[in-house]
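Below is one structure, written out as structure tokens; the observations come after it.
Source: prediction; values computed, not measured.
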Amino acid sequence: VHYYDPHFPYDPPEPFKSEYKKDPYAGEIAYMDQQLGRLFDFMDSIGLTENTLIVLLSDHGEGLGDHGEFTHGVFLYDSTMRVPLIIAGPEVAEGEVVEQQVRTIDVMPTVMDYLGLSAGDKIQGTSLIPVMMEGQRVRTHYCYMETLYPRTQMRWAELRAMRTDDWKLIIAPTSELYNLREDLDESENVADFHKPEADRLQKQIWEVNGPPESWGAIEAQPLDQETQEELKSLGYVSAGGARELIFDGAGVDPKERIHVLRELDRATDLMNNSNYTGAIPILEALTLEDPGNPLIYQHLGMCFQRTLRFENARKLYLQAIEHEADTDRTYSELGEVYIRLAQQIPEQQKRLEFMELAVENLHRSSEINPSNVENLNNLANAYLELGRIEDAEGAAKAILVQTKKHASAYNTLGMVELQRGRGPLARENFLKAVEIDSNLVEPYMNLGLLAYHAGESEMALHYFKLFLERAKAPRYR
């Protein structure tokens, strides 16, 4: 069972919203606790509890301002990395507290051991059954952790760490060593005073992750080989990231960007409350302070688009490219912005020029990340508008290679067949589209037009009514 509620933005339902007005994060935890109570009461009512092993843990904590981090993902301090692990069930002692450090990688082998099953020889964790049942220490002395998020999202240095019961070493441009016995808040970096301990933990990190010279670039492979080959045959091959990411631990230390992180959180909070106008000046200032940070451009671009400032968004995304802060999303969003701008241009030739620019950027995004099917869908529609039906067909098929349940892709294929004069094949694709998503409105209009031109008035009226029932957007009125 996965409970997601204690996540930013913190907005618990009533009565927890009112009861925890000054601490909405605690309100979300209280709400989750109530829902766990419902689950456990149900298990009791059907007699499951006495024969069930219950394991409760979290994947991370929230910084809530500690070390300048309000959520999680950037740093490796205990405020976000230390999580609860509660185990209950038949023959598990009640109320016992395990003092030694254990890790989330130990959960699976523990459950397997409890059930009398083998975890296999490739498992990295250790069964906690001996320490739970017999009070014996287990080999969980070293806990490796890392965060690549600063590098992938903000172009800052990624972080790696090794933790023991007594010490934690964080490898960063300015590395940090904390004595956890004396400094639970990790407030005093003692790396300069305990070099042997820092060296020992650093060697443990190299043992897990390899030495820095072996790190290099990491290429994401979101698709299996067969899918990649099918996309290649359709002309969609990953060209790698917009900017190659080298994971070598070098670059801007996230600790030096605390102000940027705080301002980003402030802007995000405004955006989550639909105050895009209020977030804009904060983010504009950050583009000057940290011009190579893709996340800033991503957020500011969204604010410009939500406030219909498409020309501002266009200039911003071009600025991101100029500062080498571009990702596949930069080109995807820039393509969408060109489409919006084209819709506002009455002069046909200029409109077509903007549509060509839209296609150019959407296609660039698909080269970098062919697994973004919504970008491919926008590309297919742009090709249709330009009358490039073969290209539209290719983009739609690139979607269906990855998912057969994409209604818009079938609608595009229907439009392609319609322009080729193949009514029956067009109808087949439109029907497939509404079968997958009965709320997608365009196929109903297309089916109605097909029926009307075939002289099937009643059928046409049926589909036009279905269209009108679902067509809520102003552009359909």
What are the two closest heavy atoms between [X] and [Y], and how far apart are they?
X      : Y      : result
His406 : Ile436 : N-CD1, 4.0 Å
Ser79  : Asp66  : CB-OD2, 3.6 Å
Ser58  : Thr104 : O-CG2, 4.4 Å
Ala191 : Ser175 : CB-O, 4.2 Å
Pro370 : Leu376 : O-CD1, 3.4 Å
Ala157 : Ala250 : CB-O, 3.4 Å

Hey, does the side chain of [X] reach the backbone of [Y] with a donor-acceptor pair shorter than 3.5 angstrom?
X      : Y      : result
Glu69  : Val74  : yes
Ser332 : Arg329 : no
Asn273 : Asp269 : yes
Thr147 : Gly73  : yes
Glu207 : Pro211 : no
Ser438 : Val434 : no
His7   : Tyr4   : yes
Thr80  : Gly61  : no
Ser18  : Pro15  : no

Does either side chain, that of [X] or that of [Y], offer a donor lying less than 3.5 Å from an acceptor on the other one?
X      : Y      : answer
Thr164 : Asp166 : no
Glu91  : Tyr114 : no
Gln100 : Thr140 : yes
Gln319 : Tyr317 : no

Salt-bridged, [X] to [Y], with N to O below 4.0 Å?
X      : Y      : answer
Glu14  : Lys17  : no
Asp78  : Lys168 : yes
Arg257 : Glu289 : no
Glu336 : Arg340 : no
Arg470 : Asp437 : no
Lys21  : Glu19  : no
Asp106 : Arg103 : yes

- Task: Let me see the working for Asn293 and Trp156 under side-chain contact (heavy atoms from CB on, under 4.5 Å), right down to the final yes or no.
- Result: CA-CA 8 Å; Asn293 189 329; Trp156 303 342; 3.6 Å; yes
- In sequence, state the C-alpha distance, the side-chain angles, and the governing distance for Asp44 and Thr49, and then conclude on side-chain hydrogen bond (donor to acceptor under 3.5 Å, both in side chains). CA-CA 5 Å; Asp44 284 340; Thr49 304; 2.5 Å; yes
- Is the count of non-hydrogen atoms from other residues, nucleotides or ligands lying under 6.0 Å from Gln35 atom CD greater than 12?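 Result for CD/Gln35: enclosed.
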- Please indicate whether Arg151 has more than 12 foreign heavy atoms, meaning atoms of other residues, nucleotides or ligands, lying under 6.0 Å from its CZ.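 Result for CZ/Arg151: enclosed.
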Measuring from atom [atom1] of [X] to atom [atom2] of [Y], what distance do you get when rounded to the nearest 0.5 angstrom?
X      : Y      : atom1 : atom2 : answer
Glu256 : Thr174 : CD    : OG1   : 6.0 Å
Thr277 : Arg309 : OG1   : CZ    : 5.0 Å
Leu177 : Asp192 : CG    : CG    : 9.5 Å
Thr307 : Asn275 : OG1   : CG    : 10.5 Å
Arg160 : Asn209 : CZ    : CG    : 4.5 Å
Ile280 : Met302 : CD1   : CE    : 12.0 Å

- Test side-chain hydrogen bond (donor to acceptor under 3.5 Å, both in side chains) applied to Asn375 and Asn372, step by step: CA-CA 6 Å; Asn375 177 69; Asn372 185 344; 5.3 Å; no
Are [X] and [Y] packed together at the side-chain level, in the sense that at least one heavy-atom pair is separated by less than 4.5 angstrom?
X      : Y      : result
Leu362 : Ile339 : yes
Tyr144 : Gln204 : no
Ile29  : Glu62  : no
Thr330 : Gln298 : no
Ile46  : Phe42  : yes
Ile129 : Thr110 : yes
Ile282 : Arg266 : yes
Trp167 : Leu180 : no

- Task: Report the relative orientation of the aromatic rings in His323 and Tyr297; use parallel for angles under 30°, tilted for 30 to 60°, perpendicular for over 60°.
- Result: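 Plane angle under 30°, so parallel.
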- Task: Fit a plane to each ring of Tyr178 and Tyr77, take the angle between them on a 0 to 90° scale, and name the class: parallel (under 30°), tilted (30 to 60°) or perpendicular (over 60°).
- Result: perpendicular
- Message: Taking the ring centre of each residue, are Phe75 and His67 less than 6.0 Å apart?
- Response: no
- Query: Is there a side-chain contact (heavy atoms from CB on, under 4.5 Å) between Leu316 and Glu284 once you walk through the steps?
  - Reply: CA-CA 10 Å; Leu316 178 77; Glu284 285 182 321; over 6 Å; no
- Output, in order, the C-alpha distance, side-chain angles, deciding distance and verdict of salt bridge (Lys or Arg N to Asp or Glu O under 4.0 Å) for Arg38 and Asp33. CA-CA 9 Å; Arg38 290 182 59 208; Asp33 186 61; over 6 Å; no
- Task: Test side-chain hydrogen bond (donor to acceptor under 3.5 Å, both in side chains) on Gln101 and Tyr142 and set out the steps.
- Result: CA-CA 8 Å; Gln101 167 180 277; Tyr142 293 107; over 6 Å; no
- Query: Is the NZ or CZ atom of Arg364 positioned over Tyr331's six-membered ring, under 6.0 angstrom from the centre and within 45° of the axis?
  - Reply: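 Here Arg364 passes the 6.0 Å and 45° test against Tyr331.
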- Among Asp185, Asp183, Asn189, side-chain hydrogen bond (donor to acceptor under 3.5 Å, both in side chains) partner for Ser187: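 That would be Asp183; it is the only one of Asp185, Asp183, Asn189 passing the side-chain hydrogen bond (donor to acceptor under 3.5 Å, both in side chains) with Ser187.
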